[in-house]
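Atoms within a ligand are numbered from 1 in the order they appear, just like the ligands themselves.
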Amino acid sequence: MNKPCETRLFIDGTYVPAAKGRVTPLIDPATESSWCEVAAADADDIERAVNGAQRAFEDGWRDLAPGKRAEILFNIARLIREHQEELAQLEMRNIGKPISDARDEVGLSARIFEYYAGAVTKFFGQTIPVARGGFDFTLRQPMGVVAAITPWNFPFPIASWKVAPALAAGNCVVLKPASLSPLTALRLGGLAHEAGLPAGVLQVLAGSGGKIGDVLVQHPLVRKISFTGSTEIGAHIMQLASRDIKRVSLELGGKSPNIIFADADLDQAAASSPMSVFANCGQDCCARSRVFVERKVYDAFVEKFVEATRRLVVGDPSRPETQVGPLVSAAQRNSVEDFLVSAREANRTFACGGDRPDGKGYYLRPAVVLGCETTDRIWREEVFGPAVCVRAFDDEEQMLREVNASPYGLSGSLWTNDLKRAIRVAKRVESGVLSVNSHSSVHVEAPFGGFKQSGLGRDLGMAALEGYTELKNVYIAL
Ligand code: NAD
């Protein structure tokens, strides 16, 4: 088994084995072979990492001038760019992400560090003209140690969009990536230190969330938990955090709509819609997995959409032309196949896909499912894999009721050339993010997060910086 890169924990500015010497094997999803073993932290490592982070906070990170913190963040961005290919290859091998996507995501991560390096020197309080006179002003103060817990689908960008604003605001971070995808997060620890980040300011602990997550979340020195993952684990973390009124931000699951009105540019909508759900093999919290098509254009849209889906390049993630790689694990593929079985048992129509190609790797061809009822499991629940359901609608109000019947509310797309309709419908869709005549969900400069069971708080933009600070009001009698 060749060692791909650093597989040890990153604590207090150095790589160390797990205190108990435990390791987790990683499986390459494209070949199903075991290729390396990563240190698995337990409670002793958490204790060491959190205490080290608290020391680093008190020893000066919180008091460092924002401009100095910005310099270090710019350096981190530069090193990420210099190591773009290495990081992209790691991500590709670790989770089967197509290499061209992996490269883009490393570039996005560098931009995130640059954005917060620039933003923190333009982030300040207010002076407030209070009625009793005197001088009143607000301060945005760091919280202390932040636990950042991340999922396996976009490991490097999500780690970056938690770590960068938290550090920029003067916090120290204990980052716990998902046990399936720890490698780029571990590498980030070393690169950030090389960029000038003092020891302890960023600690990275690989390990099973089921085993160590509760210990980390409940640690008395952890002041905030910034979590991205499933709604189930998010709710559990919120409950644990409530005992000490810890701050939480949660980015959770989704079942996002893609709404196609008859007056839309059908060619553009149909050509771009497959990748709005099948990118990252459908393992995307923003996946547009429910398509609503106005009945007048339903047949025409479905024909173009299915044709475009069939043309997607599915296969080896190391090839630059690949658009859809394997699912992350055998368990994930089995879980997606359970949804497909339930749709087949209900006699839903598979316009394409849903089958396994021959050979090794956790592949599944993108499935377009027609004729679903709103009570179907595959229509209601997050599949987190390459499956989409398409339904026709006649009436805008009825369609909006179906859209908003989901307990989720993360993202969505809306296709129309009628400006009034675009604004009217955008206001009514219950989601934190919405895109008109496009499928983009993530902009470094804009807030990202969910309504309802899709989350609490916002990542990205200036909103994230606010979320990593406490707001203090100071009154001086004159
Ligand atoms: P998950 O909830 O299983 O795991 C997420 C993280 O939580 C991992 O690091 C895991 O180790 C950790 N964890 C598990 N149990 C824990 C516990 N008891 N305490 C603390 N941490 C614990 O999610 P996943 O399978 O890694 O990711 C898929 C889910 O993430 C999907 O539901 C997807 O929609 C969601 N997601 C949401 C967003 C968003 O921004 N809204 C982005 C990406 C993924």
Exercise for review: Mind telling me whether Phe278 and Phe305 have parallel, tilted or perpendicular rings, with 30° and 60° as the class edges?
Suggested key: parallel
Review point. Looking only at atom types and distance, does a side-chain atom of Glu381 sit under 3.5 Å from a main-chain N or O of Phe339, one as donor and one as acceptor?
Key: no
Review point. Can the ring centres of Trp379 and Phe292 be said to be less than 6.0 Å apart?
Key: yes
Practice item. Would you indicate whether the side-chain heavy atoms of Ser273 and Val291 approach each other to under 4.5 Å? Key: no
Check your understanding: Salt bridge check: are Glu86 and Arg187 linked by an N-O gap of less than 4.0 Å?
Key -> yes
Check your understanding: Who are the residue neighbours of ligand 1 when the rule is a heavy atom under 4.0 Å from any of its atoms?
Key -> Ile149, Thr150, Pro151, Trp152, Asn153, Ile158, Lys176, Pro177, Ala178, Gly209, Gly210, Gly213, Asp214, Phe227, Thr228, Gly229, Ser230, Ile233, His236, Ile237, Glu251, Leu252, Gly253, Cys285, Glu382, Phe384, Leu410, Phe448
**Study point:** Residue list, side chain to side chain donor-acceptor pair (under 3.5 Å) with Gln323, at least two apart or on another chain
**Key:** none
